[in-house]
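When a ligand or atom number is given, it counts from 1 through the structure's own listing order. Keep in mind that the numbers below use all heavy atoms, side chains included, and drop hydrogens, waters and symmetry copies. No experiment lies behind these values; they were computed from the predicted model shown.
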Amino acid sequence: MKNILIIGAGGQIGSELTTELRKRYGNDNVIAADLANSDKFVHIDVTKYEDIKAAVKKYKIDTIYNLAAILSAVAEMKPQLAWNVGVSGLVNVLEVAREYHCSVFTPSSIGAFGKSTPPDNTPQDTIQRPSTMYGVTKVTGELLSDYYHTRFGVDTRSVRFPGIISNVTLPGGGTTDYAVEIYYEAIKNKKFTCPIAKGTFLDMMYMPDALNAAIAVMEADSASLKHRNSFNVTSMSFDPEILANAIKKEIPEFVMNYDVEPIKQAIAESWPNKMDDSCAREEWDWKPTFNLESMTKDMLKVIAEKNEKGLI
Ligand code: NAD
Ligand code: AKB
């Protein structure tokens, strides 16, 4: 039985990962931590080594999901904060993991790639020269995680998530947030103004597949892993037009306009169109279950139910 600590558990991914891990490992074996002081979370500021160490000791933690980060659009405005949380915070996590023999999962992102990366079928091992602060923290995070594995034997693993689409907790200030917001606007107002230009393709994934990826890579037999930090994983690739057309199939009166936000657009253009995730498929049997059509039906159903109950 594992004892798991989730840092950044209040965010888009952490809120649902907490529920999923508690289903599998039991409520008492999964500790949710975030900056907020509340009865839902143990307080951990990832930039404070002592906060992490105290929780790991108190709850006898053996596995850490480190989800604390500043996402791409916000990181462009707050680069020092992005570095402190994403890199200094990660070093704190890795140091505690080294001392207390914990496994560590720290997600990377499509943001770890840049304009000089091959944009189509982006290989697992390729050029990584991102032009964003978020990307700088993600490449550094991948290197640090591999370093702590090879130098100290810490069991670090991760995936490069694409844009994650979900309906429980709203996204935290990224470039791919539009692909979540569009569904809420389609239900509430039947229209959406898109900040990303037509023709901008990005990898995306529905939350249930993202949760499975995060758990499966940590449960994989280490003998089968040739890579560790981080595996390309993807489910689908689309541009805003393709997404809007999928929604129109379900809500024919839906309309989309564009008001392109230059900072987000520049970030999106620097990221891959579609990654090759064959190494994850070969090394730990990664296989997504949702495509654009099945995700769209489910997203619209869940958000419509929330709307009827006055929850959004
Ligand atoms: P989020 O912004 O929704 O949540 C991040 C959480 O971290 C928040 O609850 C926030 O309060 C917490 N946090 C911030 N600073 C902290 C600190 N100093 N100490 C402790 N907690 C702190 O992010 P998310 O979308 O849930 O992303 C989780 C991870 O997955 C991040 O590493 C992110 O880069 C990565 N990722 C996310 C996506 C996506 O589309 N959501 C895609 C690729 C990678
Ligand atoms: C962002 O857009 O910053 C995130 C990500 C793809 O890493 N959603």
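The option with the heavy atom closest to atom 23 (O) of ligand 1, from among L71, I110, I164, D51, is L71. Proximity annotation for atom 27 (O) of ligand 1: of T175, I6, I13, I13 comes nearest, heavy atoms only.
In this structure, atom 4 (O) of ligand 1 lies nearest to the protein heavy atom G11 CA, 3.3 Å. Of the protein's non-hydrogen atoms, the one nearest atom 21 (N) of ligand 1 is A68 CB, 3.6 Å. The protein heavy atom nearest to atom 19 (N) of ligand 1 is V46 N, 2.8 Å. Nearest protein heavy-atom contact of atom 15 (N) of ligand 1 is L35 CD1, 3.7 Å. Nearest protein heavy-atom neighbour of atom 34 (O) of ligand 1: Y134 OH, 2.6 Å. Nearest non-hydrogen protein atom to atom 10 (C) of ligand 1 is D34 OD1, 3.5 Å. Here the protein heavy atom with the shortest distance to atom 8 (N) of ligand 2 is T176 OG1, 2.8 Å. Closest to atom 41 (N) of ligand 1, if we only count protein heavy atoms, is Q12 OE1, 2.9 Å. Ranking the protein heavy atoms by distance from atom 32 (O) of ligand 1 puts K138 NZ, 2.9 Å first.
Using modelled atom types, one finds no donor on one side chain facing an acceptor on the other under 3.5 Å when comparing H101 with D155. Side chains of T200 and D239: no donor on one and acceptor on the other come within 3.5 Å. Side chain to side chain, N229 and S158 meet the donor-acceptor criterion of an N or O pair below 3.5 Å. Between N29 and N3, the side chains place a donor N or O and an acceptor N or O closer than 3.5 Å (distance only, hydrogens not considered). Side-chain atoms of D259 and T193 include no donor-acceptor pair closer than 3.5 Å.
Ligand-side atoms of ligand 1 in range of L67: 5 (C), 28 (C), 29 (C), 31 (C), 32 (O), range being under 4.0 angstrom from any heavy atom. Near G10, meaning under 4.0 Å from any of its heavy atoms, are these atoms of ligand 1: 9 (O). Below 4.0 Å from some heavy atom of S109 lie the following atoms of ligand 2, by number and element: 5 (C), 6 (C), 7 (O). Below 4.0 Å from some heavy atom of D45 lie the following atoms of ligand 1, by number and element: 17 (C), 18 (N), 19 (N). Near I110, meaning under 4.0 Å from one of its heavy atoms, ligand 2 places the atoms 6 (C). Taking a cut-off of under 4.0 Å to the non-hydrogen atoms of S109, the atoms of ligand 1 that pass are 43 (C), 44 (C). Below 4.0 Å from some heavy atom of S72 lie the following atoms of ligand 2, by number and element: 1 (C), 2 (O), 3 (O). Within ligand 2, the atoms closer than 4.0 Å to a non-hydrogen atom of T175 are 1 (C), 2 (O), 3 (O), numbered from 1 in the order shown. Atoms of ligand 1 found under 4.0 Å from any heavy atom of G172, numbered from 1 in the order shown, are 2 (O), 3 (O). Ligand 1 places these atoms under 4.0 Å from at least one heavy atom of P107: 29 (C), 30 (O), 32 (O), 35 (C).
Both Y100 and L144 are part of a single hydrophobic cluster, where members link through side-chain heavy atoms under 4.5 Å apart. In this structure, F41 is not a member of the same hydrophobic cluster as I31, with clusters built from ILVMFWY side-chain heavy atoms closer than 4.5 Å.
Applying the side chain to side chain donor-acceptor pair (under 3.5 Å) test to T234 and every residue at least two apart in sequence or in another chain returns D203. D277 is linked by a side chain to side chain donor-acceptor pair (under 3.5 Å) to R281, W286, counting only residues two or more places apart in sequence or in another chain.
The proximity of I44 to ligand 1, defined as any non-hydrogen pair under 4.0 Å, is limited to the backbone. Contacts of S108 with ligand 1, taken as heavy-atom pairs under 4.0 Å, involve the backbone alone.
Between the OG1 atom in T169 and the CD1 atom in I164 there is a gap of 13.5 Å [rounded to 0.5 Å].
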_From CA spacing to verdict: side chain to side chain donor-acceptor pair (under 3.5 Å), T175, S72_ = CA-CA 6 Å; T175 304; S72 59; 2.7 Å; yes
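Between R160 and ligand 1 there is no heavy-atom distance shorter than 4.0 Å. Note on ligand 1: G163 sits in its first shell, one or more heavy atoms being nearer than 4.0 Å. Residue-ligand proximity: P162 is placed with a non-hydrogen atom under 4.0 Å from ligand 1.
Taking any N or O of D177, backbone or side chain, none lies under 3.5 Å from an N or O belonging to ligand 2. Of the N or O atoms in W271, none lie within a sub-3.5 Å distance of an N or O in ligand 2.
More than 12 heavy-atom neighbours from other residues, nucleotides or ligands sit within 6.0 angstrom of NZ on K188. Residue-environment remark: NZ (K190) exceeds the threshold of 12 foreign heavy atoms within 6.0 Å. At most 12 non-hydrogen atoms from other residues, nucleotides or ligands lie less than 6.0 angstrom from CG of D28.
In this structure, R98 forms a cation-pi arrangement with F152, its terminal cationic atom sitting closer than 6.0 Å to the ring centre and no more than 45° off the ring axis.
Using cut-offs of 30° and 60° on the angle between ring planes, the pair Y134 and W271 is tilted.
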